[in-house]
Amino acid sequence: MTEENKAEEKKSLNFLEEIVEADLAAGKYKTIMTRFPPEPNGYLHIGHASSICLNFGLSLKYGGGTNLRFDDTNPVTEETEYVEGIKKDIRWLGFDWANEFYASDYFEQLYAYAVKLIKKGRAYVDDSSSEEIAEQKGTPTQPGHRNRYAERTVEENLQLFEEMRNGKYADGEKVLRAKIDMSAPNMIMRDPILYRIKKAHHHRTGDQWAIYPMYDFAHGQSDSIEQITHSICTMEFVPHREVYDWLIRELEIYPSHQYEFARRNLSHTLTSKRKLLQLVTEKYVSGWDDPRMPTIAGLRRRGYTPESIRDYCERIGVGKRDNLVDAGVLEFCAREHLNKIALRRMVVFDPLKVVITNYAGTGEQLHSENNPEDPAGGSRTITFSNELYIERDDFMEDAPKKYFRLAPGKQVRLKSAYIIQCDEVIKNAEGDIVQLNCSYFANSKSGEDTSGISVKGTLHWVNARDCFSIQVNEYDRLFTAEDPANAEGEFTDYINEHSLRVVANALAEPALKKAGPEERFQFLRKGYFTLDPGSTPEQMIFNRTVTLKDSWARAGK
RNA sequence: UGACCCAUGGUGUAACGGUAGCACUACUGAUUUUGGUUCAGUCAGUUAAGGUUCGAAUCCUUAUGGGUCAACCA
C-alpha cells in the first residue's frame with residue numbers, strides 16, 4: 001500500500017523533472033549539471049529561493065551538481081559586497097554549490113569566441129548610436145534594416161574589435177553585433193549586441209577590460225564552458241533561447257540547453273530590485289534585512305526557517321503560467337515547521353494585574369512543557385504567586401455567551417497552574433480597569449486537578465514577582481494590496497500602515513532570558529517569535545514571525 | 001494590429017486519449033490545560049465554440065483572455 005502510494009507520488013513530477021528524467025532515460029546524460037546565476041547587484045529574495053531550490057533540487061535528486069555562477073558582466077552595477085551576501089543566503093537555505101564561478105572568469109575565452117564569430121563573418125562592429133540602432137531595429141510589426149557598418153570586412157572588424165578592447169574608443173562609440181537577421185520576427189534576433197564599451201572598474205577584473213559582453217554573449221557561453229546540461233531560467237528569456245542556440249551552433253561549443261519556467265510571485269509583496277531599493281532608500285523599512293522585506297535576509301531576521309522556505313518552494317511547484325501565490329501559503333509553511341520546533345513561553349503583551357486574594361503562600365514552583373508536540377522536549381519551571389498579570393484582552397466585563405476567557409464571576413484555567421475565578425473588578429477614577437481580584441481553587445493544580453471544575457478557557461500569564469520586560473515587534477504584511485506592483489497608482493500607496501507594531505514593554509516569564517539567536521519560540525496564544533540581532537541582554541527584542549491561527553478573532557468579524 | 005509563451009476550484013499544482021486528484025484558503029464537527037495542534041468532513045474547477053475519437057482537461061482549428069519582446073540591463 002505504501003509502495004503503491006510511493007509509486008503514485010513518484011509519478012507526479014514537475015515539468016523540469018520530466019525533462020531531466022527523459023534525458024537521463026534516453027542516455028543523453030549520465031549526470032546533470034545546473035547552475036544558479038545571480039547578478040551580484042542586489043540581495044536574494046523569495047523569488048530567488050524558488051530558483052535555488054529548483055536548480056539545486058534537481059541536481060540533488062538526479063545526481064550531478066549545481067554551480068554558483070555570478071553573472072558579473074556589467075561592472076557599473078555590480079559589487080563584491082553582494083557576492084558575500086548571496087553566498088551566505090544560499091548556504092543558510094541549506095545548499096552547497098559544486099563550483100563557485102564568475103562570468104568574468106571567462107572574459108578572455110568570450111573574447112576569443114567573438115573573434116571566431118567575426119572571422120566567420122557572423123559579427124561586425126557597428127558605430128551607430130544606441131538611438132540609431134534602436135531606430136534601425138524596426139518594430140514588432142515592421143522589419144528592421146542593416147546599416148553600412150554591416151558591410152565591413154572581416155579584417156576591418158577584427159582590427160576595430162581589438163581596438164575596442166584596447167580602449168581606443170569611448171563608451172558608446174562602437175559595439176560588436178552578431179550578424180543574424182534584421183527582419184526576424186523575434187526582435188532579439190535582429191543583430192543583437194554582443195559587446196559594448198564600458199570603461200568602468202570591474203569588481204574582479206579591475207581595469208583590465210574596456211569592453212564587456214552582453215547577457216546574450218555571456219550566459220549561454222558560460223553554461224557551455226561549464227558543461228551545464230540544463231540551464232533553467234524564467235519565461236522572459238524565452239525569446240533569447242533562439243540566440244542562445246544560434247550562438248552555440250555558430251561557435252560550435254558544448255550544447256547546453258535552456259528551459260524556462262514562470263517566475264513565482266508572492267502576494268502582498270514585490271520582488272522588483274528597483275522597488276525593493278526604493279523601500280530601503282525612502283525609509284519605508286529599516287534596510288534590506290528588515291523583517292518585512294521578502295529578501296532572504298529579511299525572512300531570516302523575521303524568524304522563518306530554511307526548512308519552511310524550502311517547503312514553501314516545494315509546495316508551490318513550478319509551471320509556465322503567470323501566478324500569484326497567496327502569502328498564506330508561506331505563512332502556513334512557517335507555522336507548520338515552527339509548531340514542531342518552537343519552545344513554548346508565556347509573554348503578556350498588554351498586562352492587567354490579577355491578585356489572588358485567597359492565595360496564602362509566598363509562591364511556588366510549577367512546571368510547563370516546552371513543546372506539547374515534542375515529548376522529548378522536556379519542561380521548564382515557572383513560578384506562581386498571588387500577584388500575576390494576564391492579557392487585558394483576556395478579560396471582559398460584559399462578555400458575550402461564547403467568550404471563554406475571564407469575566408466577572410467566571411472561571412478560567414491559568415496555563416500549567418490553577419483555575420481562578422474573577423470576584424471583583426477594580427477601576428481607577430477614570431473608570432479604567434486596573435486590577436482584578438480573583439480567588440483560586442487550591443485543588444485545581446495542573447496535573448493533579450481534583451476540583452472537578454471544567455473550564456472552557458485557558459489563559460497565558462506571568463508572575464508579577466519575577467517577570468521581566470521585553471520589546472516585541474509585531475510584524476505584519478508589508479502591503480495591503482495583493483499585487484502592489486501591478487495595482488493602480490504607486491505601489492507605495494499600498495504600504496500597510498500597521499506592518500509593524502512595537503510593544504515596548506511586554507512582560508515575559510524568566511525562562512525567556514536564556515533565549516539565543518536563531519532560537520524559535522512560540523509565545524503561547526500569540527504567535528512565533530525569534531530574537532532580533534539588535535537585541536541585548538538588557539533590552540531583549542523579539543520579532544514576530546507569524547501569528548497563530550486565531551479562529552476566535554476570525555469569528556469576531 | 002508581427003512573433004512567441006500561457007490558460008484546470010478563490011489560490012498553487014497533478015492527471016501524459018480512459019474515474020478530474022493533492023495542497024493552501026474558507027466553512028462544519030470531534031479532541032484539546034494554547035479559541036493553537038491533531039482528526040473527520042463540506043463547498044468549490046477543465047476559458048469558449050467547432051472538429052478528430054468508442055471515449056478529450058489532454059490531439060487539431062478558430063475565438064477569447066492574460067503575459068513577453070523594439071535596454072550598449074540581466
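Just so it is clear, the structure is predicted and the values come from calculations on it, not from any experiment.
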Rounded [atom1] spacing from [N] to [M] in Å:
N	M	atom1	value
B:C60	B:A23	C1'	34 Å
B:A26	B:A63	C1'	35 Å
B:A57	B:G21	P	13 Å
B:C22	B:G41	P	11 Å
B:G10	B:U25	C1'	8 Å
B:G55	B:G2	C1'	39 Å
B:U31	B:A40	P	15 Å
B:U37	B:U28	P	15 Å

Count the heavy atoms belonging to other residues, nucleotides or ligands that lie under 6.0 Å from CD of A:Glu162, then report whether that count exceeds 12. no
Q.
For A:Gln278, I'd like to know if atom CD has over 12 heavy atoms of other residues, nucleotides or ligands within 6.0 Å.
A. yes
To the nearest Å, give me how far apart [atom1] ([X]) and [atom2] ([N]) are.
X	N	atom1	atom2	result
A:Phe15	B:A7	CZ	P	11 Å
A:Arg241	B:C4	CZ	C1'	9 Å
A:Arg264	B:C24	CZ	C1'	13 Å
A:Arg315	B:A23	CZ	P	9 Å
A:Asn323	B:A14	CG	P	11 Å
A:Leu13	B:A14	CG	P	10 Å
A:Tyr259	B:C5	OH	P	16 Å
A:Glu331	B:U11	CD	P	18 Å

Test side chain to side chain donor-acceptor pair (under 3.5 Å), reference A:Asp191, set A:Lys179, A:Arg177, A:Arg146, output is A:Arg146
If you take all heavy atoms of [X] and [Y], which pair is closest and at what distance?
X	Y	answer
A:Val347	A:Ala508	CG2-CB, 3.9 Å
A:Ile390	A:Val348	O-CG1, 3.4 Å
A:Asn186	A:Pro239	ND2-O, 2.9 Å

Pairing residues for [X] by the ring pair (Phe, Tyr, Trp, His ring centres under 6.0 Å) criterion, not counting sequence neighbours:
X	result
A:Phe237	A:Tyr215, A:His240
A:Phe217	A:Tyr195
A:Tyr418	A:Phe384, A:Tyr440

In 5'-to-3' order, the base (B), backbone-only (S) or no-contact (-) status of each nucleotide in nucleotides 30-46 of chain B, using a 4.0 angstrom heavy-atom cut-off, is ---BBBBS---------
Its contact letters, B for base, S for sugar-phosphate only and - for none at protein heavy atoms under 4.0 Å, make nucleotides 58-74 of chain B read --------SS-SBSBSB
Any base atoms under 4.0 Å from A:Leu324, or only sugar-phosphate, or nothing? Heavy atoms, all strands. sugar-phosphate
Symbol by symbol from the 5' end, with Watson-Crick or G-U pairs under 3.5 Å, [ ] crossing and | another strand, RNA chain B is .((((((..((((....[..)))).(((((.......)))))....(((((..]....))))))))))).....
Quiz item: Would a line drawn from the ring center of A:Phe529 to the ring center of A:Phe521 be shorter than 6.0 Å?
Solution: no
Checking A:Lys320 against A:Phe261: charged group under 6.0 Å from the ring centre and within 45 degrees of the axis? no
Paired with A:Cys467, the side chain to side chain contact (heavy atoms under 4.5 Å, CB included) test is passed by just one of A:Leu388, A:Thr383, A:Val462, A:Leu512, namely A:Val462
